[in-house]
Each structure stands twice: as C-alpha cells, then as structure tokens.
Amino acid sequence: MSSVSHHDEHDENDYDFRRIEARWAPVWEELAPFSTSDAPESKPRKYILDMFPYPSGDLHMGHAEVYALGDIVARYWRQRGFTVLHPIGWDSFGLPAENAAIKRGADPREWTYENIEQQKASMKRYAASFDWDRVLHTSDPEYYRWNQWLFLEMYKKGLAYRKDSWVNWDPVDQTVLANEQVLPDGTSDRSGAVVVKKKLTQWYFKITDYADRLLDDLNQLEGSWPAKVLSMQRNWIGRSVGADVDFVIEGHEAPVTVFTTRPDTLFGATFMVVAPDSDLAAELASGSTPEVRAAFQDYLEQAQKKSEIDRQDATRDKTGVFLDRWAINPVSGERIPVWAADYVLADYGHGAIMAVPAHDQRDLDFARTYDLPIRMVVDTTAPMTGTIPVITEEMLNEEPPTIDPAITGEALTGDGRLINSGPLDGLSKSNAIKRAIELLEERGTGRASKTYRLRDWLISRQRYWGTPIPIMYTEDGEEVPLEQDALPLELPWEKGMDLKPKGTSPLGGLEEWVATTTPDGRPARRDTDTMDTFVDSSWYFLRFLDPRDSTKAFDPAQAEKWAPVDQYIGGVEHAILHLLYARFITKVLFDLGYVSFTEPFSALLNQGMVILDGAKMSKSKGNLVYFTEELDRFGVDAVRLTMAFAGPPEDDIDWADVSVTGSQKFLARAWRLSGEVTAPVGADPETGDTALRRVTHKYLSEVPGLIEAFKFNVGVARTMELVNAIRKAIDSGPGAGDPAVREAVEVVAVGLSLYAPHTADDMWQRLGHFDGTKETLVAFAGWRKADPLLLVEDQVTAVVQVDGKVRDRLEVSPKIGNDELEALARASAAVQRAIGDREIAQVIARAPRVVNIATKK
RNA sequence: GCCCCGGUAGCCCAAUUGGCAGAGGCAGGCGACUUAAAAUCGCUUCAGUCUGGGUUCGAGUCCCAGCCGGGGCACCA
C-alpha cells in the first residue's frame, strides 16, 4: 500500500480541526463578514451585546462561555435575515492595570494595551462574529472625553454634586468605594480588605432621584430579564413606605424628623434614638450637660472603632447613651427621652427614629437593656376578619397566654387591634396607619413618606487609571467646570510617576497638571481624583453606534435606529452594580433628550460560571482550565459546542461533567456527511426521501423557538438527531445520492453555523456553495422555511389507558375524532382484558393523543 | 429572620395548554470492521421524576406541608 496516497485520502476525509481552522480564519479576516457599516436600510435590525471584558491577562473559560452563547444569538438572528450589530470593546480602565504598573514601574497603558491585543487575538481565534470595525477602549481619550461630557451634563442638572460624608474606604487599594462595591460581609469586592469609614469630600451622582423610576420600570423587564436579577435590584433599591414624623425637642430650635413604616404605633413610642455619628447627635449632645457630652464623645469614639462587620452583627448587644434631652410626641404630647445608639444608621432615613419597643425587636432589645418603658399599642391576639376584630367565645373562656413584649422579650409585629392609642383605638393596623398619617398631616407635624436603601453613587476614586474629573477649584474653593471645548482633559503620564496608593490621587503629584487657570483667568487647581470605572460601562452600548464620532458621544439618530440593546448577555455578577448604573444613566440621557427609551437592555441573559469538580476555578486552588490549552487540544468549534450543549445557559458548567471529546466526535460525524453527499447542488429535495425530509423540516420548525428561548442545549441535541437520521438514510435508507440527503446536510451546516462556525463553513464549501464571497459564507445562507406539509404526520400513536395505566397503543390518523378514537379503544382486546368485568364509569377521549377509560371502583 | 430559584437514569440534561417519563450526550456493556488496536459504525443495560398529602379520568408538570441544594437581602426604622 502506498503510504502517500493513503495519507492523501486521510487528508480529505478525516475531520482535522486544525486544518479547518487554519483554512477559515484568513478568509474571515479578509472578508470582514460581520461589519455592519454597510447595513441596508431595508433589513430588520437586532442589537446583540455581550458584556465587554476587562483586559486582565488572556481570556479564560468564563469568557469562552459568554462569547460562545452571545455568538449563537447573534448568528441565529443573522440566519433569520436580520442585520445584527454585535460589537466588542474593552473596559480598560481600572485597578488591575494600575497595580500591575506599580509592580513593574511602568505606564498602565502598556500592560492594558498588550492585554487587549492578546485578548483580541484570542477572540478572533475563537471566531466570535464581532464587528471589528467598532472596537472601543474606555481608556482611550476619545472614549473617556465623553465620560467627562456626561459628567458635565449631569453637573449642569444638579445630578453630579460634591458632599462631605462618611465614605467606604478600602485600606489596601487606598481608595473610596461605592456602596455597591462593599460586600455584605463588609469587605471590598476588589481587594477583599475590611472596609473602614472615612469622612471625605467626594463627588456623587444623584441616583436616589431616580429610585422610584429604577424600581417601577423593572416591571417593564418582567419576563425579559432573569427573575433573580429583578429581585436583586428591587432589594437593592429597597423602598420603604411609611411616614415622616416631626418631634419637637425641648430646648432645640428645629424639630427632629424621623421616618417610620409604622405610624400606627405612634402612641407606643416611648423614647427616641439618634445615630451617634449624625450631626444631630453631636448637636443634641453639645446642648446637654458636660457629663453627657463626655459620655457621648466616649461612645462615639467606640462606635467608630467598630468594623463594618461588627457593626452589622444583628445579634450583638445593644448599646447607647442617654443624651439628657427630651422630645415631645406630636400626637400624644408625651415627653420621651432621647438616646444616641449605633443601631440607628446616620445615612438611612433621617438618622433618627421613634422607638416603639413593644412592636419592634431592635427597640425592645434596647429598652430591656436600659430599662426603658414598653407600651403595647397593638393587641395582636385580636384575630381579624378583614379589618373588623372578631372575638370568639372560645377565646373569652381561655386564659390568654402572655404576649406582653416586656415579659416575653418578643416584639409584636403582626396585625391586630389598636389599644392605648386615643383616636386610633379599635382600628386595625392598616387602617391605623392611614388614620395616623391623616392626623399628622392635619396637625402639620408629619406626612406620608418613602425612604430607600439605595444611596447616591459615589464616583470619586483616589487612583490614577481612570477618567479625570473635569472640575477645577479656585483659591477660594469655588467649583469651576471645564468648558466642553477643553475636553478631553487627558490623563497625564510622566515617566517614573509614582502610582503607589497613598490615600490621595497620584495625579496630585503632577504639579504642572494640577495648576491651571479658570476660563476667566483666575488661578485654579484641578480635581485630582478619577471617576469610578462603572461610569465608563454605564453608556458604552451607545458609543458602539459610532465609536469614531469625534463631535459627540453618540448620534441620537443612530440610537433611534439600533437601541435599546435587544439582547444583552453576561454574568450575573453584574446584577446590581453595572446594570443599575446603566439603567440610571439611560434614564438621565432620556431626561436630557438624547435617547427616546428609558431602559438600555430590553432582554438579558445571564450565563452561569464554568467550574471544575464542583468548585469555582481559581489560581490559588490550582484548578484552572486554560482557555488556550482547551482550544489547542479540542479545537475552537468543539469548545464552543460544549458550552452550548452542557445544559441551560444560566446553569454552571462543571468542566468535569462535560465531554469536549464528545463534541468533537459529533462535529466530525456531521462534517463527514458533507463529503458523502452525491446529489448535485440544486437537486430538487421534493424528489427525495420523505421520511428524512420530515426529520429535516421538523428541525427547521423547532429550532428557532429553542434558540429564542435560550435552550441552546436542546438545539444542539436536535442537530445531533438530524445527523443521526442522515447517517441512517445514507447507510440503510435511500443512500447518499438522494436529494433529501443533500437538503438535510445543508440544513445541518446552517444549524451548526450557530455553534461551530469553522466546521459549518467547511461543510458549506464541500457542499459546493462557497465561491470566495462574503455572501456565500454559511453565516448568510439563511434559515430555510419549514414545509408545513412535511410537518403533518400521517400516522400518530394514540395511547389507551385504563384507570390511568397504559394498556394499548393505536396507530391513528392525526385527524381522528374523539368518538371514533373511543370506539377503537373500546374494541381493543388488550383494553377489554384490562377492564375485565368491571363497569365503565367514564371515558375521556382527547383525540388524537389519548383515551382514558375509568372503571367503577 | 424575609424573599427568589432548583431537585427526572451512575453523570450532564430533555419532556407545547396536565396526556406514552426519554430527545441528545457522557460513562458502561455487546457486536461489526481490523493480524491487533485506535478511529468509525451498529445494537444495548440502567430511573418511575426528593418526601408526605391533595386536586384530576390522568400529575415530572397544578395546590399544601416538609427535606435537601443554590442564590439575594438583612440592626434599613
């Protein structure tokens, strides 16, 4: 045997992913098939967006998943005849670059743009169908100048402002953090350090102005966004509805307002508590006796020494200090003591509460610690029917169990009948809430009110690698915004610049840059902080519409054409931060008249994580699966297909549970078919084998619904079925020359183009369709219409049950009627045997599927 | 403590409005091809759907209670 000819034959008929990848990568590079710059006006449009990556190192398996899934969606809509905008860029400002630069003593730009080049090469290898003409990097001056523009627009509207406040300080990264960046355990989501509080003057975006809209508009996204994300956002915004109540403080000019969700318990308020770190507490203490002042100072210092973790521990004992001040209940006129205690937070509500120990567990714990009065005002033993209290005879005869919170230590928060509450007596909880608010409003000492967990977005960062804040300060402290034509205010770089975190921005060290003059010629100093990088990503989807536009951030006309994003794909780790900010900025841009929509992402898909052996992959655990290694071993298409096939996209993929080899074998099976087809291009499929055509057309009709429901795993399974059916047709059916076989293999190629672009294009070429032009790539072949005649089965199996158990199966016409089916069922010998001598009670026929005969018991 | 999601074969997962529990894959077994093996092809074993109730002619699917797993929020007034 000639080994040479043997080898040649091998070459032609063996699936060699390396050779196939090497064949197509240069073709795609040359044809730039997914550029949308020449999109015809006539075609419908889709904007499919994958969350853009941060350029730290090379791509990892998580990227491999998101870009595989996003690409399925993009390629699907292209096959459906849409012009698909599927851009990519880099979220390239941020701390990792800066930390790497410090380690290497170099410019963060070098590290950043080297990584971008590496990731870009990997993405191209991965064959993601991006529009490479629209690449953007948020660290380019041409991008971040529009962050500055946005900041100034918001500044003009009072939505960007500076305030002095207690902020979250990351002692490792030496910068402030937004609330959203502090994890529930009080550590930084970046460095992992325990966050401490620091009082600083910082820039904020007034996201709280949008709290109601951010909450209410979530209803529009119901069904299109994962329920989990909607619930997380609702929790995060945390709207509480209740009342503001004004308490006069003896010897204090202004009344103190408290927020409460339970104005019905106003008569049960037996003391007031203010947050020790609030201005109000300091004020009240300073007006008190020297002893109180000293005790308060002492308490405040202790409270501030506590870490965020200790402070949030709900189980720890309540502490506080009496301020020797007295407040007057605006409804009852009662005189109640005022305390300072750190279970009240300075930055929630008004930083002060009315304490109702009988009906609030925290207040009760505090009252029991300091021996303060506890008064029940809601009798929760009175059962309610609607809003009318009902007392049964049984209850009158029974010795009632003690429910007094002062004895049990359990606050009563349930519904009940109001007692000890003057005009509210006898009312139910909900009616008493309404009535109490009316009473307060009549007297002008309170009003209905809402408060939120959401705080304003702190955007200042004391680090280098970000967007400079376009504000300067004159010698007398006046804020002066930059003029638009002074933008971009470029981020300066000096060789040997010290970027080490030291608590103030590194830009402060560049005297030449900091010292400037106002437009009217006064000496001034620039703000040396940079913006939170979440500002960058809060509007990038609009910049993709024309990333080279040097005259504006984006073109409203283009936004009208493409936006909002039809499908957004990314990890659930951004469920709050990025998505909340992007929603906020979109609403701001709407209010400013730049866009006509109020939500940026019409639909959202969260993919799960790629894990290994049940554990998150990490370098420290040493259980990393390397992206490049997987591609080298199994090929791009097999890795992509595995991502799609592993399971529902939102579930985690355990790389130990999947078989990339299996994917590879399947691709080889499918690919080989394209070499076996002998029917000529254009052979009329209608002259082919009907049984195979039924399978093919069922595939054509079912798969679109599956893809649109993100059931990619089922879509792949259906493609496997079709391939199996073709294999059978060739080996033991009508044979490789049948036009239906050609039709089916072509449908496989188009179907596979969503998951395995190299294999699909190679099949398409072997089937004789590719002529070197962009239009003849399989990506543009189009999804064929299923022939409805082939979808109608001429025989279906009807099941006959007796008392719910399957006793016979009948081959019947799909058009059979209930009566006829029932008659057939009754005639069945197997059925009669099952019935025996029992009497038939009822027969349910659901033609053409099922007949159930129920017998009398 | 409050809220949300999920439990189907050894494993990953399917299953229109309630209507034959199994589509697909992995792993395993047997066979064909081969001197042999790999590759390939064919055939094939395996659960009655977490538990207990309920509704129904009929429940993986709907309702109630519970168990287990995952997630979010939580001294938020």
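Values below: every heavy atom of this structure, side chains too, minus hydrogens, waters and symmetry copies. Just so you know, these numbers come straight off a predicted model, no measurement behind them. Here is the naming used below: chain letters follow the sequence lines, and residue numbers restart at 1 for every chain.
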Item to complete: Using a 4.0 Å heavy-atom cut-off across all strands, classify A/Arg455 as base, sugar-phosphate, or nothing.
Response: base
Item to complete: Just jot down the salt bridge (Lys or Arg N to Asp or Glu O under 4.0 Å) partners of A/Asp637, sequence neighbours excluded, or say none.
Response: none
Worksheet item: A/Phe710 has an atom CZ; how far is it from atom P of B/rA14, in whole Å?
Response: 15 Å
Discussion item. Using the ring pair (Phe, Tyr, Trp, His ring centres under 6.0 Å) criterion, which residues pair with A/Phe666? Sequence neighbours excluded.
Written reply: none
Worksheet item: With sugar-phosphate meaning primed atoms plus P, OP1 and OP2, does A/Ser231 contact a base, only sugar-phosphate, or nothing at under 4.0 Å between heavy atoms?
Response: nothing
Worksheet entry | Rounded distance in Å between the P positions of B/rA77 and B/rC5 | 23 Å
Discussion item. Applying side chain to side chain contact (heavy atoms under 4.5 Å, CB included), can you list everything that pairs with A/Ala656, at least two apart in sequence or on another chain?
Written reply: A/Leu612, A/Asp613, A/Asp654
Fill in: side-chain hydrogen bond (donor to acceptor under 3.5 Å, both in side chains) partners of residues 726-736 of chain A, not counting sequence neighbours, each pair once
A/Glu676-A/Arg727, A/Arg727-A/Asp731
Worksheet item: Using the P atom in both, what is the distance from B/rG6 to B/rU17, to the nearest Å?
Response: 15 Å
Fill in: Between B/rA21 and B/rC13 - C1' atom distance, rounded Å
14 Å
Item to complete: May I have the distance from A/Asp244 (atom CG) to B/rA77 (atom C1'), rounded to whole angstrom?
Response: 12 Å
Worksheet entry | A/Tyr370 and A/Trp339 aromatic ring geometry - parallel, tilted or perpendicular at 30°/60° bounds | tilted
Discussion item. Rounding to an integer number of angstrom, what distance separates B/rC33 and B/rA38 when you compare their P atoms?
Written reply: 15 Å
Practice prompt. Check side chain to side chain contact (heavy atoms under 4.5 Å, CB included) between A/Pro704 and all other residues, then give those that pass, not counting sequence neighbours.
Written response: A/Tyr76, A/Arg80, A/Glu708, A/Trp783
Look for any protein N or O under 3.5 Å of an N or O in nucleotides 40-44 of chain B and output each such pair with its distance, or none.
{"unit_1": "B/rU40", "atom_1": "O3'", "unit_2": "A/Arg672", "atom_2": "NH1", "d": "3.4"}
{"unit_1": "B/rC41", "atom_1": "OP1", "unit_2": "A/Arg669", "atom_2": "NH1", "d": "2.9"}

Worksheet item: On a whole-Å scale, what distance lies between the C1' atoms belonging to B/rG29 and B/rA65?
Response: 43 Å
Discussion item. From CD of A/Glu222 over to P of B/rC4, roughly how many Å is that when rounded to an integer?
Written reply: 12 Å
Worksheet entry | B/rA27 versus B/rG72 - spacing of their P atoms, nearest Å | 34 Å
Discussion item. Does anything in residues 263-280 of chain A form a side-chain hydrogen bond (donor to acceptor under 3.5 Å, both in side chains)? List the pairs, not counting sequence neighbours.
Written reply: A/Arg262-A/Asp264
Discussion item. Between C1' on B/rA14 and NZ on A/Lys711, what's the gap in Å once rounded to a whole number?
Written reply: 9 Å
Discussion item. For a quick test of reading the model: is some side-chain N or O of A/Ser240 closer than 4.0 Å to OP1 or OP2 of B/rA77?
Written reply: yes
Fill in: A/Asn852 side chain near B/rG19 phosphate (N/O to OP1/OP2, under 4.0 Å)
no
Discussion item. Does A/Glu721 reach a base, just sugar-phosphate, or nothing at all? Heavy atoms under 4.0 Å.
Written reply: sugar-phosphate
N/O-N/O pairs, protein side and nucleotides 6-12 of chain B side, under 3.5 Å:
{"unit_1": "B/rC12", "atom_1": "O2'", "unit_2": "A/Ala646", "atom_2": "O", "d": "2.8"}

Discussion item. With rounding to the closest Å, how many angstrom separate the P atoms on B/rC4 and B/rC64?
Written reply: 11 Å
Worksheet item: Are A/Ser449 and A/Phe259 side-chain neighbours, meaning at least one heavy-atom pair lies under 4.5 Å?
Response: yes
Worksheet entry | Any residue meeting side chain to side chain donor-acceptor pair (under 3.5 Å) with A/Arg455, in chain and number order, not counting sequence neighbours | A/Asp347
Worksheet entry | Integer angstrom distance from the C1' of B/rG18 to that of B/rG28 | 36 Å
